[in-house]
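Single-structure report; data block below.
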Amino acid sequence: MKQKNEQIHTTRLLTYLLIGLIGVLGLVCLYYGSSVAPGSRRYDDTDSRLDGSDPVFGGFSRNRDLVDLLDEQGYYLEVPKSIPICDMKYSELIPCLDRNLIYQLKLKPNLTVMEHYERHCPPPERRYNCLIPPPKGYKIPIRWPVSRDEVWKANIPHTHLAEEKSDQHWMVVDGEKIKFPGGGTHFHYGADKYIIGLAQMLKFPGDKLNNGGHIRNVLDVGCGVASFGAYLLHHDIIAMSLAPNDVHENQIQFALERGIPSTLGVLGTKRLPYPSRSFELAHCSRCRIDWLQRDGILLLELDRLLRPGGYFAYSSPEAYEQDPENRKIWNAMYSLLKRMCWKVVAKRGQTVIWSKPLSNSCYLKRDPGTLPPLCNSSDDPDASWNVSMKACITPYSARMHKERWSGLLPWPQRLTAAPPRLEEIGVSSEEFHEDTKIWHFRVIEYWKQMKSVIQKNSIRNVMDMNSNLGGFATALKDKDVWVMNVASVKMSARLKIIYDRGLIGTVHDWCEAFSTYPRTYDLLHAWAVFSEIKERGCSPEDLLIEMDRILRPDGFVIIRDKHSVINYIQKFITALRWDGWLSEVEPRTDALSGAEERVLIARKKLWTDGFMTI
């Protein structure tokens, strides 16, 4: 009897222990309360959240350690079967360039220096956790090269620019389409003739602005609808067409819809997100920028970005009007640029072209105390992400001294030649060429994967979300596309190699939204991007929603990452409506391969009002 009582006692004790253990686990689960509805900016957020019922701002935080543990063991938390659709009023939302957010958060940007046009990203609790809907009547964009001259009005239902700029031939409404005659504020007879005129001013052979391939990268400031950049492409010149989200708020949206390389940005208080010595030519047509403000800091930013011997083509009333006020401004600007050692190389009618010096010799001959001063030797001229502009001149390094165009070969040879600045990032020419070769084969494999669904000219605007040395973009050289190469903040030093290859790109932190309109890219390539942001504690769900925002309907995503990451992303494909077509393969290994790498390619469906179209 005693033995039986002891057995009963032991059984009860074990039962109580088991119940207690279950209770503890239940409390742990309750504490970590995990759900994967998109919305947490970072895994380790500790700020308060909304309850998830709001289809715009709702979301739940997740505990990073728990997710990592489940990842390692091959388990995945439940994912939503659908993701809410944002209200139609958000169809053109740019989260980090949303002026409504500035008012809502009661920020007080300095309007005189354009701070209200710079990036102001929403805090975690105000992130948009819904899919951005296309406007009513949206159609698959007209394909390049026809799109250079016309787009669907329904895709960008804004005609105010056509009305406001009707005398300047920016754009014309024609039934269901908006057409672009190739005009602009300063080139009434067309951008093509204006480009030839610039080449004639510079006395380039054959009146060709590319100057035998030595002029390749151009920065067009205040670009309008980017017709200047559009017509430069015919000359083998690629422009970073730049304009703010200002009163002409849809100009860059039109440019991207046309298939022209362009981006949102402003010469304000922060450096533009490009490395030093990136452009052979800067251009500002009918320029209304106050270049004299803050000790010439905006001109000094152009100086940072221009290569040795680079040009600045400028047209403005100050350059040609003879009234006292304009002459006063012109004389002050001329004096400033002379102290910066720039020289006027051509002047005709309403346009003047300056050139930047080739060496430091002029700087060293200036009188002591001359302004603007030379930058401190500790300043990194290539640091550009969230870095304030500096009112100083960036001198050349000993290696770049007297090397026109930074010692680069002409285009297209420079695309595959090892650039001199490789040594600055610790990469050998052998590693550079190997990287180029690997990406050549990788892109061939991508296109083989997509050959059953890809159509001629269906891809024009491409983004490489982790560009490294630019191998992916280089591999696309024979396709009629352009690539926005994105370097992470950690790898931003490599962006100078992108520009030295004759390509374009920008620095960006993928824990934040990108500075572009919704529905602007046909293909997004994400190599190890999700692994990188996960290591930093950022939310992959937020990134998936951001990728959906900037991806066009019928567009493709190529995600190359660890097997566990791909498995996790697969769970969201249906909720994102990326199941128009799907392929997953295990790629062959190469020198750049990570452990257990997989390639997922998905196609976004066209849908409206939350319903897929047939």
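The first residue of the sequence shown is numbered 1, and numbering continues consecutively from there. Quick note: numbers below take in every heavy atom, side chains included, and nothing from hydrogens, waters or symmetry partners.
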(request) Could you tell me if the ring centre of W439 sits under 6.0 Å from that of W527? (result) yes
(request) Give a yes or no on whether the ring-centroid distance for F530 and Y568 is below 6.0 angstrom. (result) no
(request) Only one of N250, N155, N461, T520 passes side-chain hydrogen bond (donor to acceptor under 3.5 Å, both in side chains) with E257; say which it is. (result) N155
(message) Could you go through H158 and E92, starting from their C-alpha distance and side-chain angles, then the distance that decides it, and tell me whether this counts as side-chain hydrogen bond (donor to acceptor under 3.5 Å, both in side chains)?
(response) CA-CA 11 Å; H158 302 283; E92 294 178 350; 2.7 Å; yes
Between [Y] and [X], is the closest basic N to carboxylate O distance under 4.0 Å?
X	Y	answer
K562	E597	no
K270	E118	no
D509	K490	no
E512	R119	yes
K496	D382	yes
E424	R421	no
D548	K604	yes
D522	R143	yes
E541	K534	no

(message) Taking atom CD as the centre, does E445 end up with more than 12 heavy-atom neighbours from other residues, nucleotides or ligands that are less than 6.0 angstrom away?
(response) yes
(request) Kindly compute the distance separating CG (N466) from CG (N485), expressed to the nearest 0.5 Å. (result) 10.5 Å
(message) If you compare all heavy atoms of L242 against all heavy atoms of G265, which two are closest, and at what distance to 0.1 Å?
(response) CD1-CA, 3.4 Å
(request) Among H525, Q449, R442, M465, find the residue that satisfies the side chain to side chain contact (heavy atoms under 4.5 Å, CB included) test when tested with I558. (result) H525
(message) Tell me which one of L576, L551, L600 satisfies side chain to side chain contact (heavy atoms under 4.5 Å, CB included) with V557.
(response) L551
(request) Given side-chain hydrogen bond (donor to acceptor under 3.5 Å, both in side chains), test T436 with R501 step by step and report yes or no. (result) CA-CA 11 Å; T436 301; R501 300 184 83 161; 3.0 Å; yes
(message) By the salt bridge (Lys or Arg N to Asp or Glu O under 4.0 Å) test, which pairs, at least two apart or in different chains, include something from residues 459-472?
(response) R460-D480
(request) Give a yes or no answer on whether the side chain of S278 reaches the backbone of Y274 with a donor-acceptor pair at less than 3.5 Å. (result) no
(message) Taking A591's backbone N and O only, do any of them form a donor-acceptor pair with S593's side chain (distance below 3.5 Å, no angle check)?
(response) no
